Protein chains: 2
Amino acid sequence: MQIPEKDKHTEGIIFEAATRVFIEKGMDGARMQEIADRAGINKALLHYYFRSKERLFSAVFEKIAGQMFSKFAPVMDENLSFEEKIRFFFREHMEILKNNPGLPGFILNEINRNPDRMANLIKGYDVKSIWLHLQKLHGAEFEKYGITKENFPQLITSVVSLSVFPFAAKAIFSVILENMGCHFDDYIEQRKTFAAGFVISALQSGNHDMPRYS
Amino acid sequence: MQIPEKDKHTEGIIFEAATRVFIEKGMDGARMQEIADRAGINKALLHYYFRSKERLFSAVFEKIAGQMFSKFAPVMDENLSFEEKIRFFFREHMEILKNNPGLPGFILNEINRNPDRMANLIKGYDVKSIWLHLQKLHGAEFEKYGITKENFPQLITSVVSLSVFPFAAKAIFSVILENMGCHFDDYIEQRKTFAAGFVISALQSGNHDMPRYS
DNA sequence: TCTATATTTAACCGTTTGGTTAAACTAAAT
DNA sequence: ATTTAGTTTAACCAAACGGTTAAATATAGA
């Protein structure tokens, strides 16, 4: 047999090319011919490795989405105070996105196109278990900050929004920021500390407006 | 001549059908045949009113984007304190998005696909002029809250992130929230007051971590 | 009634696209 | 040397798609 390293090599080249094209153009906008061209191979070989566009896309999406979500969990296991974890999260997570600014748009676009794919993806990332886990670790801090089971979803979605949205809306934000003489990358660098401080300040003041569940 | 109302009527029906399809599928995923079907007319008539897919899409996009951005400005002219404006913004803006949850994803997807379109769209929404306007109106509050020209972009992008991102990521959030026994619409209703309180709390505590510009 | 526009019908066109096929070539493994 | 899998080439196919055309019909205004 032939060396499997070469298989992985070519398969990897195709996969990387496909990843770039799918991120740029999305599933609908991507063309198999363009993927083949960027990989420096031909369409026939593309289908030799990945039978169809759908299969190739699924492989790319699952890897990217997996990478994306897997970066959330480990932060929560670090031996840090809750406040330090928040700073840690913004610093690390936004650094990853800074190097892959197209990921949020890619994920959001695809889950909007095909919401069913979410079901498979989400299992294993249960917010309730995260809540229980964190409450065990940081019960005292949670009480001090007034973090409850009711406002916890609001809190973590706020954290995610503050870090992810600027990348999802990069095409808008970068233009607007330039008008104020600020470059996007500088803005992101500032944001790592600003957003962390912003969240922590909000927690410390403690008066979270939370209506009762209806 | 025929009554122009009927023209507008049919044109409006087509336009609305196109809007729905484009929001659901995006430019690349949308099909002219499906737009015609949903409008209850035929493809020929579609091209009779809107010469091409590109023109139809541009018309839809510009109207939606215009609606979207026009909702930001008037908030700033209300006769309210800055704190009240923040509460007002979250309440009103999120109510609009609640009734049109597909808009953020549509806009984000398209500006990612075609960033050049942003240039035309942004002019008229200059952050620097908004900053000058607000600083004139709320100079005292800005000083109290420590809002400066440097951290202002961080502040308003945070406000926008907190309100818009949950809709852009609705397909993810709704699944995750269900795991905690919370429905998306309830979450949004809570969020109007939570996010406002969150921002105001962060401002009141005042210690915004802001590194110097590089 | 005549006319101009709105609308339908239905066929048609050129291009693109995802995917296939078959033959030939390469090169390492046995 | 033979086998096996990787790879190229190049042609091909059927379906989908955006868009066009032309003839027929409906309808309201002049």
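Naming convention: chains lettered A, B, ... in sequence-line order (proteins, then strands); numbering from 1 in each chain. Values in this document were obtained by computation on a predicted structure and should not be read as measured data.
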Symbol by symbol from the 5' end, with Watson-Crick or G-U pairs under 3.5 Å, [ ] crossing and | another strand, DNA chain D is |||||.||||||||||||||||||||||||
For B:Arg38, which residues count as a side chain to side chain contact (heavy atoms under 4.5 Å, CB included) partner, sequence neighbours excluded? B:Ala17, B:Arg20, B:Val21, B:Glu24, B:Glu34
Can you build the contact string for nucleotides 13-25 of chain D? Use B for base contact, S for sugar-phosphate-only contact, and - for no protein heavy atom under 4.0 Å. ----SBBBB----
Is there a side-chain polar atom (N or O) of B:Thr10 under 4.0 Å from OP1 or OP2 of C:dA6? no
Would you call the rings of A:Phe57 and A:Phe61 parallel, tilted or perpendicular, taking 30° and 60° as the class edges? parallel
Who are the side chain to side chain donor-acceptor pair (under 3.5 Å) partners of B:Gln67, not counting sequence neighbours? none
Salt bridge (Lys or Arg N to Asp or Glu O under 4.0 Å) contacts in which one or both residues fall within residues 50-59 of chain A, not counting sequence neighbours: A:Glu54-A:Arg117
Measure the distance from NZ on A:Lys25 to P on C:dT16 and round it to the nearest whole Å. 15 Å
Check this for me: does any side-chain nitrogen of one of A:Arg113 and A:Glu110 sit under 4.0 Å from a carboxylate oxygen of the other? yes
Give a yes/no on whether any side-chain N or O of A:Asn42 is located under 4.0 angstrom from OP1 or OP2 of D:dT9. no
More than 12 heavy atoms of other groups within 6.0 Å of B:Asn79 CG: no
A:Leu45 CG - C:dA22 C1' separation (whole Å): 16 Å
Write out all pairs satisfying salt bridge (Lys or Arg N to Asp or Glu O under 4.0 Å) with one or both partners inside residues 92-102 of chain B, taking only residues at least two apart or from two chains. B:Glu95-B:Lys192, B:Lys98-B:Glu189
